[in-house]
Amino acid sequence: MEITKSPCTIQYASKMITALETQWQELLNLFRLSDSLTEQVLIQRIEAIDLPDNLCHALICSIEGDNRILNEYLLDLPVTYQQPVAWIAPVIINNNQRYAWMIGRVASEVSEIRFKFDIASAKVRDDSILMCRNEPKPVMFIEPIAVSDFSESVVSQGVESTNNADDFAVFQVAYKDSNGGFKDSNGDAESFDRRYVINATILEQNFKTSIMRAAKVIYGLREVDKSLLEQQAKLFSLVHMEAHNRGHFAGCWPFDKSKSCLLHEAVEEFRACLNAIRWAEHLDFTAYQVDIFAFSVFALRFFNYGYRAYVDPIKTDQSVLRISVGLMFFQTLYQAGVFCIEPNQRILHQFELTKLRPALIAAVQKINQQELEARSQGTEGLREVARSWYQLAYPNSNLSPEAQSIYTHLRESSVA
């Protein structure tokens with residue numbers, strides 16, 4: 001699952017703070033003052049607030065440097081839990097300790113999503129593409145009411161970054177070990193056992209942004225399509241995250257330590273997205289809804305993650321991965337005749353929604369076959385699979401003229 005490994009700041013998800021009961025308003029006020037308080041005073045004031053005992057204990061442990069208990073508390077909440085929840089953790093910003101924090105609620109869609117995936121379990125086991133015998137534990141989605149906001153550039157464990165919304169989609173930071181160093185909150189857990197508390201608002205915002213950009217350059221996306229995308233934006237964005245996480249552990253070569261290959265990482269991300277689309281076929285959606293969902297996954301990867309990484313002047317391994325995954329989507333659909341390119345106007349036209357999902361399902365079938373043949377060769381086999389998809393994504397070792405024209409059009413038209 002593509003997430004930032006050690007997000008250290010969380011941005012405001014909403015400027016509107018809903019009415020909170022007294023103890024939660026007290027906690028919110030305290031969180032806002034946390035950077036000016038000593039650790040001891042902060043803990044004492046939290047202990048004085050009428051909070052559930054297990055939450056109070058988890059908050060204190062996190063303030064002291066170990067946020068794992070707090071994350072487990074959030075992950076294990078009932079899907080119908082209606083009371084506010086809280087999260088706080090110390091982070092290092094410009095060599096100074098500050099606190100990242102959040103007060104929010106369990107997203108109302110969590111119950112529906114869990115139900116859909118539970119019902120689909122038997123079907124995905126028998127699916128010829130997914131073949132998923134073991135599914136990871138579900139993601140927990142939280143809707144922030146208020147979250148910490150650091151506007152400056154930040155430094156976390158010596159790595160400088162800036163505040164991109166998707167970089168802070170996970171309520172999870174490194175924790176302090178007994179030597180004062182930092183470790184991943186998931187510790188040494190295998191990838192399959194890792195669990196995530198996700199900012200549902202950020203996912204929805206990314207989804208809506210990608211659809212808005214796509215609509216600017218695609219001729220053939222009907223108003224009824226746009227309407228459904230708008231109505232289902234939140235549900236689809238959460239379903240994609242849940243299915244994507246599970247998608248890594250499906251197929252003929254599920255993700256594990258044996259798939260540790262830098263060159264193959266973009267293909268693994270692409271594969272997980274494609275598996276998410278296949279998974280959606282078993283989630284009690286109509287065929288039209290799944291077609292729209294498949295389009296939304298393409299839009300998210302090409303028009304949001306890929307485009308933003310492309311226009312960012314600073315290129316990192318993560319940004320190159322995001323560009324590559326977006327281009328794998330774009331070139332797969334272009335070669336399948338899902339759309340044509342108008343070179344002068346730099347738009348996608350003759351767009352055929354009904355062709356999109358079959359083209360992407362065919363792509364994951366191809367990856368499955370490639371990985372089945374490559375598995376006996378280990379890492380070198382993965383490299384060969386990756387090379388074939390990079391050749392698709394980067395014809396002549398660069399963006400295709402078609403993909404380049406779309407990104408250039410978006411940049412010149414100042415589409416946010």
Side-chain angles (χ1 to χ4, degrees), residues 116 120 127 129-130 203-204 206-244 247 269-307 325-343 345-367 392-393 400 402-403 405-407 409-410 413 415:
K116 284 180 176 294
D127 187 285
I129 294 175
L130 298 174
L203 294 184
E204 183 181 8
N206 284 340
F207 184 97
K208 289 182 174 179
T209 298
S210 66
I211 299 305
M212 179 272 295
R213 288 199 187 110
K216 295 288 185 180
V217 296
I218 295 179
Y219 285 18
L221 192 62
R222 302 171 304 169
E223 287 303 318
V224 65
D225 303 330
K226 297 175 187 177
S227 177
L228 180 60
L229 283 164
E230 183 176 335
Q231 293 170 12
Q232 301 293 316
K234 187 176 180 184
L235 178 62
F236 280 177
S237 64
L238 304 191
V239 165
H240 173 240
M241 175 60 74
E242 184 68 69
H244 180 105
E269 276 297 302
F270 183 47
R271 188 182 75 89
C273 283
L274 299 177
N275 280 339
I277 294 169
R278 181 67 168 193
W279 217 296
E281 295 179 349
H282 302 298
L283 297 181
D284 196 30
F285 292 127
T286 66
Y288 174 56
Q289 285 178 309
V290 181
D291 284 344
I292 289 291
F293 174 77
F295 168 78
S296 74
V297 176
F298 156 60
L300 185 68
R301 298 308 313 213
F302 182 74
F303 290 103
N304 187 62
Y305 291 128
Y307 174 71
V325 175
L327 292 175
M328 289 174 191
F329 269 99
F330 182 90
Q331 294 300 136
T332 294
L333 297 177
Y334 180 53
Q335 290 194 3
V338 175
F339 51 75
C340 298
I341 305 293
E342 172 52 59
Q345 297 180 8
R346 294 177 295 185
I347 60 171
L348 308 182
H349 67 100
Q350 297 181 28
F351 175 75
E352 297 189 47
L353 178 64
T354 55
K355 286 185 177 181
L356 185 144
R357 177 159 54 110
L360 296 178
I361 296 302
V364 75
Q365 288 175 316
K366 180 178 179 179
I367 293 175
L392 172 73
S400 69
E402 295 81 13
S405 70
I406 297 302
Y407 277 172
H409 176 64
L410 289 173
S413 60
V415 178

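Counting from 1, the numbers follow the sequence of the chain as shown. These numbers come from the heavy atoms of this one structure, side chains and all, not from hydrogens, waters or symmetry mates.
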Inset, instruction - Write down the atom of Gly220, the atom of Asp225, and the distance for their closest heavy-atom approach. - result: O-OD2, 4.4 Å
Inset, instruction - State, yes or no, whether a side-chain contact exists between Phe293 and Phe285 at a heavy-atom distance under 4.5 Å. - result: no
Legend entry - Aromatic ring pairing Phe339/Phe351, orientation class (parallel under 30°, perpendicular over 60°, tilted between): parallel
Inset, instruction - Using a strict 4.0 Å threshold on nitrogen-to-oxygen distance, state whether Lys116 and Glu242 make a salt bridge. - result: no
Inset, instruction - Rounded to the nearest 0.5 Å, what's the gap from CG on Asn275 to CD1 on Ile129? Could you check? - result: 8.0 Å
Inset, instruction - Look at the side chain of Asn304 and the backbone N and O of Ser210, then say whether any donor-acceptor pair between them is shorter than 3.5 Å. - result: no
Inset, instruction - With the side chain counted from C-beta on, respond yes when Ile292 and Leu353 share a heavy-atom pair under 4.5 Å apart, and no when they do not. - result: yes
Legend entry - Heavy-atom neighbours of Tyr288 OH exceed 12 at 6.0 Å: yes
Legend entry - Pair Phe330 + Tyr407: ring centers closer than 6.0 Å: no
Inset, instruction - Test Phe329 against every option in Phe302, Tyr305, Phe270 by the ring pair (Phe, Tyr, Trp, His ring centres under 6.0 Å) rule and name the one that passes. - result: Phe270
Legend entry - Within-4.5 Å side-chain heavy-atom neighbours: Leu410 and Phe303: yes
Legend entry - Side chains of Asp127 and His282 in contact at under 4.5 Å (non-hydrogen atoms): yes
Inset, instruction - Would you check if Phe295 and Ile211 make a side-chain contact, meaning some heavy-atom pair closer than 4.5 Å? - result: yes
Legend entry - Atom of Leu229, atom of Ser296 and distance for their closest heavy-atom approach: CD2-CB, 4.0 Å
Legend entry - Heavy-atom closest pair, residues His240 and Cys273: NE2-SG, 3.8 Å
Legend entry - Atom pair CG/OG1 of Leu274 and Thr332 - distance to nearest 0.5 Å: 7.5 Å
Inset, instruction - Can you measure from NE2 (His409) to CD1 (Ile347) and round to the nearest 0.5 angstrom? - result: 7.5 Å
Inset, instruction - For residues Arg301 and Val325, report the shortest heavy-atom separation together with the two atoms involved. - result: NE-CG1, 3.6 Å
Legend entry - Test item: Tyr334 and Leu348 side chains (from C-beta on) under 4.5 Å apart, heavy atoms: no
Legend entry - Modelled atom types, side-chain donor and acceptor of Ser227 and Gln231, under 3.5 Å: yes
Legend entry - Pair Lys226 + Glu230, salt bridge at N-O below 4.0 Å: no
Legend entry - Heavy-atom check, side chain of Gln289 versus side chain of Leu228, under 4.5 Å: yes
Inset, instruction - Identify the two heavy atoms, one from Ala403 and one from Gln331, that lie closest to each other, and give their separation to 0.1 Å. - result: CB-OE1, 4.2 Å
Legend entry - Minimum-distance pair of heavy atoms, taken over all atoms of Gln350 and Cys340: OE1-SG, 3.6 Å
Legend entry - 4.5 Å side-chain heavy-atom contact, Gln335 and Leu392: yes
